[in-house]
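Working notes for the structure below.
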Amino acid sequence: MLYRIPKWWIWYYWICPVSWTVYGLIVSQYGDLDGTIKVPGTTPDPTIKWYVEKYLGYHPDFIGPVAAVLVGFTLFFAFMYAFCTRTLNFQTR
């Protein structure tokens, strides 16, 4: 899936919390299923695990770093909120 993103937009994919969330959800929910699915133009029917790994490019072994990055995003935004709330004061007296 990453090969379909233009080279000048790949940086946005890696800094976007939504893309990390989608990656984690797909890998955690479908990354270990061995059932088959019907994909037009593909014979024999691939397994869900194969489809997620080969076609979408999501690897189940990457779930640990995905969780760490999501926790990092959460801590970063919480820190920035607290810092900006404390330092930016727009009240006029």
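Counting from 1, the numbers follow the sequence of the chain as shown.
No side-chain heavy atom of Tyr12 sits less than 4.5 Å from a side-chain heavy atom of Ser19.
At a threshold of 4.5 Å between side-chain heavy atoms, the hydrophobic network of Ile, Leu, Val, Met, Phe, Trp and Tyr places Val39 and Tyr55 in one connected group. A single hydrophobic cluster is seen to contain both Trp8 and Trp11, as judged by linkage of ILVMFWY side chains at heavy-atom distances under 4.5 Å, directly or through other members. No chain of hydrophobic side-chain contacts below 4.5 Å, direct or via other Ile, Leu, Val, Met, Phe, Trp or Tyr residues, connects Val71 to Phe76. Leu25 and Val52 are assigned to two separate hydrophobic clusters, defined by single-linkage of ILVMFWY side chains at heavy-atom distances under 4.5 Å.
Here Thr36 contributes atom OG1 and Trp50 contributes atom CH2; the two are 13.0 Å apart, rounded to the nearest 0.5 Å. With rounding to the nearest 0.5 angstrom, the CD1 atom of Ile26 is 10.5 Å from the CD1 atom of Ile63. The distance from atom CZ of Phe79 to atom SG of Cys84, rounded to the nearest 0.5 Å, is 8.5 Å.
In Phe73, the CZ atom is crowded: over 12 heavy atoms of neighbouring residues, nucleotides or ligands sit closer than 6.0 Å.
Aromatic ring pairs are classed by plane angle as parallel below 30°, tilted from 30° to 60° and perpendicular above 60°; the pair Tyr23 and Tyr58 is tilted.
Tyr13 approaches Trp20 most closely through the heavy-atom pair O-NE1, 4.3 Å. Closest approach of Tyr81 and Thr85 over heavy atoms only: O-OG1, 2.7 Å. Across all non-hydrogen atoms, the minimal contact from Glu53 to His59 is O-CE1, 4.2 Å. Of all heavy-atom pairs spanning Pro60 and Gly31, the tightest one is CG-O, 3.6 Å. Across every non-hydrogen atom of Thr47 and Asp34, the tightest pair is CG2-O, 3.7 Å. Among all heavy-atom pairs drawn from Ile37 and Asp45, the shortest one is O-CB, 3.3 Å.
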Notebook entry, point to check: Do Leu70 and Thr21 pass the side chain to side chain contact (heavy atoms under 4.5 Å, CB included) test, and can you show the C-alpha distance, the side-chain angles, and the key distance before you say yes or no?
Noted result: CA-CA 7 Å; Leu70 288 175; Thr21 304; 3.5 Å; yes
